[in-house]
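For reference, the structure discussed in these notes is given below.
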Amino acid sequence: MNGESPAQMPVVELSGIDKSFPGVRALQNARLNLYPGEVVALMGENGAGKSTLMKILTGVYQPDAGEIRVDNAAVTIPSPHVAQDLGISIIHQELFLMGHLTAAQNIFIGREPRKGYGMFVDEAKMKADAAAIFRRMKVDIDPGAEVGELTVARQQLVEIAKALSYNARVLIMDEPTSALNETEVEHLFDIIDDLKRQGVGIVYITHKMNEVKRIADRIMVMRDGQYIDTLPARDTTIETVIQLMVGRELSGQHRAMEATAGADVLRVENLNRGRVIRDVSFSVRKGEILGFAGLMGAGRTEVARAIFGADPIDSGVIHVHGQRRQITSPKDAVRNGIAYLSEDRKQFGLVTGMSVRDNITMPSWKRFLTGRVFMRDGELRDVAQGYVQKLKVKTPSVDQETRLLSGGNQQKVVIAKWLLRDCDILIFDEPTRGIDVGAKAEIYRLLESLAEQGKAIIVISSELEEVLRLSQRILVMCEGRITGEIDGRTATQETIMTLATQRQSDAA
Amino acid sequence: MTDTTLSKADDGKKGIISIGTLQKAVAFVVLIALLAFFSVFAPNFAQWSNMVNIMQATAVNGVLGVAVTFVIISGGIDLSVGTMMTLTAVMSGIILTNLGMPLPFGIIGAMLFGGLMGSVSGASIAKLKIPPFIATLGMMQIARGLALVFSGAKPIYFNDTPSYYYISSESSISRIIPSLEVPNGVLIMFAVAIVSSIVLNRTILGRYVFSLGSNEEAARLSGVNVDFWKIVTYGVSGMICGVAGLLISSRLNSAQPALGLGYELDAIAAAVIGGTSLSGGRGTVLGTIIGAFIMSVLTNGLRVMGVQEEWKIVITGVIIIAAVYVDILLRKKM
């Protein structure tokens with residue numbers, strides 16, 4: 001592949017991996033190989049299939065087709081436990097630690113050393129073993145410290161220690177630096193360097209090119225569930241990688257929809273909430289699609305939730321149609337015509353066990369009452385049916401439970417729900433997450449036609465292509481601040497990424 | 001590999017019979033099987049007078065089961081229904097006997113007081129964010145204590161209100177149809193069940209109860225006043241406990257303040273046997289009523305067969321576990 005790969009055989013080799021979920025083809029002929037002592041950066045847009053591929057490697061999902069070889073022998077990995085036995089460990093982006101247990105207890109959970117005929121946990125040995133691992137990592141963490149008391153960076157180190165305690169030869173790190181500051185990141189990289197020297201193969205999932213340059217040997221790019229290319233990290237430019245990730249030339253992608261000069265529908269002034277939202281001000285006009293770009297954790301979702309009244313704010317003023325409004329609950333927001341369409345539709349957007357009809361009509365139920373009590377179910381059906389046709393929701397009937405719909409159709413149900421509720425300010429958080437490519441285009445057209453009908457639309461998206469495709473104006477956030485506003489017609493992925501990484505060095 | 005099941009879920013054509021329907025069917029078959037079994041092996045079981053006994057014994061647990069079904073579907077739990085029943089009975093005793101008011105005041109008073117106390121539970125869950133298990137465990141003790149305090153720890157007899165007895169024990173319907181000697185208490189249970197069923201399936205309250213239990217956060221983000229509807233749910237549960245309080249005190253012709261502990265577990269068992277999911281979002285009133293009947297048929301049948309009374313408790317326990325296991329099996333199949 002390239003001169004850098006050692007002559008040994010790969011420790012892990014995935015080939016021809018297919019995986020589908022209802023309505024989404026997540027992986028198609030995906031592959032990956034990893035040699036001992038190297039770092040492969042796995043890159044791709046959100047939804048490119050990186051996580052799914054890693055979940056197959058760690059036994060969380062079973063592939064529909066394809067082969068997994070470990071040390072050149074074909075294996076099946078039916079469970080995470082088997083993956084661990086094979087020496088494959090993963091450190092998730094969100095940490096899975098038990099805050100009330102000590103570092104040592106967390107590391108050895110489920111495999112505690114025993115004493116006294118196996119009846120008691122040998123706490124002393126556990127602590128000593130944990131301390132030995134920490135020494136190997138050259139970190140100074142008290143094995144007896146309660147994990148909940150440690151900083152996020154140190155919790156992450158505990159996770160790494162846990163992975164190493166399984167004698168991991170393959171370590172998967174999913175955006176490990178998203179919650180770390182610069183010094184902590186540097187320390188993590190030192191540990192990664194050490195692990196490489198010890199022969200551990202590392203798959204490193206990230207969006208940050210500078211990190212890739214610093215630690216990766218090879219870059220593997222995925223797009224739309226497929227393997228695209230492998231490149232040597234040293235002499236690859238960010239443009240090349242982004243081009244491969246996106247799949248086409250970057251510039252000139254976005255549509256030339258002219259900004260309609262409608263009136264301000266929503267104006268937010270000096271919004272603050274702790275350290276996550278800092279002095280955010282902006283406005284959205286009638287008929288406009290406003291994009292919010294930024295890295296994970298930049299505060300975009302937090303701003304949306306604050307406007308929607310789902311989270312309390314410290315200070316800030318919200319004007320709707322030119323009038324100042326107090327919004328302290330989602331109920332207030334909805335009453336003012338603001339809708340929030342969460343990225344996690346299954347958790348926040350839909351009552352998945354209920355029918356399409358009930359989901360579409362839920363916020364509007366009070367309009368369909370007889371004697372203020374009885375639901376006019378026939379009318380609810382008709383109204384829901386109307387939206388199902390208008391938005392082309394593919395469902396056998398409006399009585400279908402929404403959990404059985406595909407991602408794109410679920411999203412349409414959520415949109416229908418807010419349209420029926422007469423919301424004219426629609427905040428979309430990752431509108432196409434978990435939605436496959438064909439349905440994405442349909443959702444885009446739907447958003448555009450909603451804007452043309454005079455709705456004010458905010459789109460929060462981690463997919464730069466999506467933001468560029470949809471927005472007339474783009475606001476970029478970093479660390480809770482708006483770091484810039486770009487005209488959608490002149491914006492490029494580069495200008496956005498520059499603003500998105502514009503950290504304020506003084507953390508005050 | 002696992003994709004076959006996933007893509008099956010995707011086509012969405014199957015599922016003509018919902019899990020809930022299937023579960024009720026299973027519970028119903030179990031009930032019929034029990035009736036058949038005891039009719040064959042227990043002499044005198046299949047007599048009408050014994051059937052009346054069974055129905056009479058089901059009434060209170062059935063009504064309490066309905067009360068707790070509301071709460072469980074909404075994703076909560078109510079441990080206070082037993083002692084709440086007692087407290088409302090005492091309340092009606094105070095209104096009718098101590099204050100000497102006419103019968104309707106006693107009936108309305110018991111139900112309103114139950115509703116009020118239930119709303120207090122609901123408010124502490126919705127507003128103070130106390131977990132339902134704890135909030136209603138507290139309410140269970142509060143209600144028990146208040147019942148003893150209000151009554152002076154002595155039974156209150158309804159000697160001044162002779163018609164009180166008719167609430168539960170007389171059979172008004174047999175005056176119209178002489179052969180149908182169903183006691184009023186049983187009719188009231190069915191009435192409560194029918195009204196509750198309509199409320200759960202046809203009214204906005206019912207729709208909110210289900211959506212709270214299926215996904216509270218989604219309901220909240222849809223602009224639903226989640227706190228308010230939770231309070232209402234517990235209030236309704238408390239009000240239905242008031243009905244149970246009237247039934248039991250009418251049957252005993254007295255409000256017994258020491259009674260009530262343990263009833264909540266039977267009520268929860270009836271709901272669970274009837275297919276109500278303890279994780280919320282799923283359940284039916286009819287299922288709960290069938291569940292309550294299964295429990296009392298079992299008690300009665302074993303007694304008629306001469307089996308030691310305590311075995312019934314053991315068998316009830318086994319049935320609860322079996323019912324939940326059937327639930328798991330059905331869910332896997334779908």
Side-chain angles (χ1 to χ4, degrees), chain A residues 18-23 61-65 76 78 305 308-310 329-335 339-342 344-354 358-359 361-366 368-369 371-375 377 380 395-397 400-401 403-406 414 417-418 421 423, chain B residues 1-20 73-75 126-127 195-229 232 236 277 279-283 331 334:
Chain A
D18 285 356
K19 178 71 186 173
S20 298
F21 298 107
Y61 293 152
Q62 299 307 307
D64 301 336
T76 55
R305 286 182 58 94
F308 191 60
S329 72
K331 204 180 148 201
D332 293 340
V334 172
R335 201 183 293 138
Y340 171 61
L341 294 87
S342 161
D344 192 342
R345 289 182 293 277
K346 287 188 181 146
Q347 206 184 334
F348 299 126
L350 291 167
V351 182
T352 49
M354 292 178 99
D358 283 341
N359 272 286
T361 54
M362 185 159 70
S364 317
W365 278 343
K366 288 191 175 155
F368 299 92
L369 294 180
R372 303 188 62 196
V373 175
F374 290 95
M375 313 277 297
D377 277 334
L380 291 177
T395 174
S397 86
Q400 180 81 324
E401 284 184 24
R403 71 190 163 88
L404 299 171
L405 302 185
S406 72
V414 183
K417 156 170 125 173
W418 292 121
R421 188 62 184 75
C423 287
Chain B
M1 284 168 231
T2 53
D3 185 49
T4 46
T5 53
L6 283 168
S7 59
K8 213 194 271 170
D10 193 31
D11 73 32
K13 291 280 186 213
K14 44 109 221 87
I16 300 159
I17 303 170
S18 69
I19 298 169
I73 293 176
S74 81
K127 293 294 182 192
V195 171
S196 299
S197 214
I198 292 171
V199 168
L200 272 175
N201 296 312
R202 290 268 164 263
T203 69
I204 189 156
L205 166 64
R207 215 57 61 91
Y208 281 138
V209 167
F210 276 100
S211 47
L212 283 181
S214 325
N215 191 342
E216 184 180 326
E217 189 62 14
R220 191 170 86 94
L221 294 180
S222 294
V224 173
N225 192 341
V226 167
D227 289 355
F228 173 77
W229 291 105
V232 172
V236 167
S277 162
S279 44
R282 228 154 39 81
R331 309 227 100 211
M334 300 306 267

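Throughout, a chain's letter reflects where its sequence line sits, starting with A, and its residues are numbered from 1.
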Check: So which of B:Leu205, B:Val226, B:Asn225 has the biggest tally of heavy-atom pairs under 4.5 Å with chain A?
Finding: B:Asn225
Check: What residue in A:Tyr340, A:Phe308, A:Tyr61 has the most heavy-atom pairs under 4.5 Å with chain B?
Finding: A:Phe308
Notebook entry, point to check: Of all heavy-atom pairs between B:Leu221 and A:Phe348, which one has the smallest distance, and what is that distance?
Noted result: CD1-CB, 3.4 Å
Note to self: Could you tell me if the side chain of A:Val351 sits less than 4.5 Å from the side chain of B:Arg207, heavy atoms only?
What the structure shows: no
Notebook entry, point to check: With only heavy atoms counted, which part of A:Arg345 is less than 4.5 Å from chain B, the side chain, the backbone, both or neither?
Noted result: neither
Next item on the list: Measure the CE-OH distance between A:Met375 and B:Tyr208 for me, rounded to the nearest 0.5 Å.
Entry: 7.5 Å
Next item on the list: Heavy atoms only: give me the nearest A:Trp418-B:Ser222 pair and the separation to one decimal.
Entry: CH2-CA, 3.4 Å
Next item on the list: Might you point out which heavy atoms bring A:Lys417 and B:Ala218 nearest each other, and give the distance in Å?
Entry: NZ-O, 4.5 Å
Margin query: Test your reading of the model: is there a side-chain donor-acceptor pair from B:Arg220 to the backbone of A:Ala310, 3.5 Å cut-off?
Written below: yes
Next item on the list: Check whether any side-chain heavy atom of A:Phe374 sits under 4.5 Å from a side-chain heavy atom of B:Ile198, and report yes or no.
Entry: yes
Margin query: Is A:Leu380 close to chain B through its backbone or its side chain, or both, or neither, when contacts mean heavy atoms under 4.5 Å?
Written below: side chain
Check: Got a donor-acceptor contact below 3.5 angstrom from the B:Asn215 side chain to the A:Leu350 backbone?
Finding: yes
Check: Of the non-hydrogen atoms in A:Met354 and B:Ser214, which two are nearest, and what is the gap between them?
Finding: CG-OG, 4.2 Å
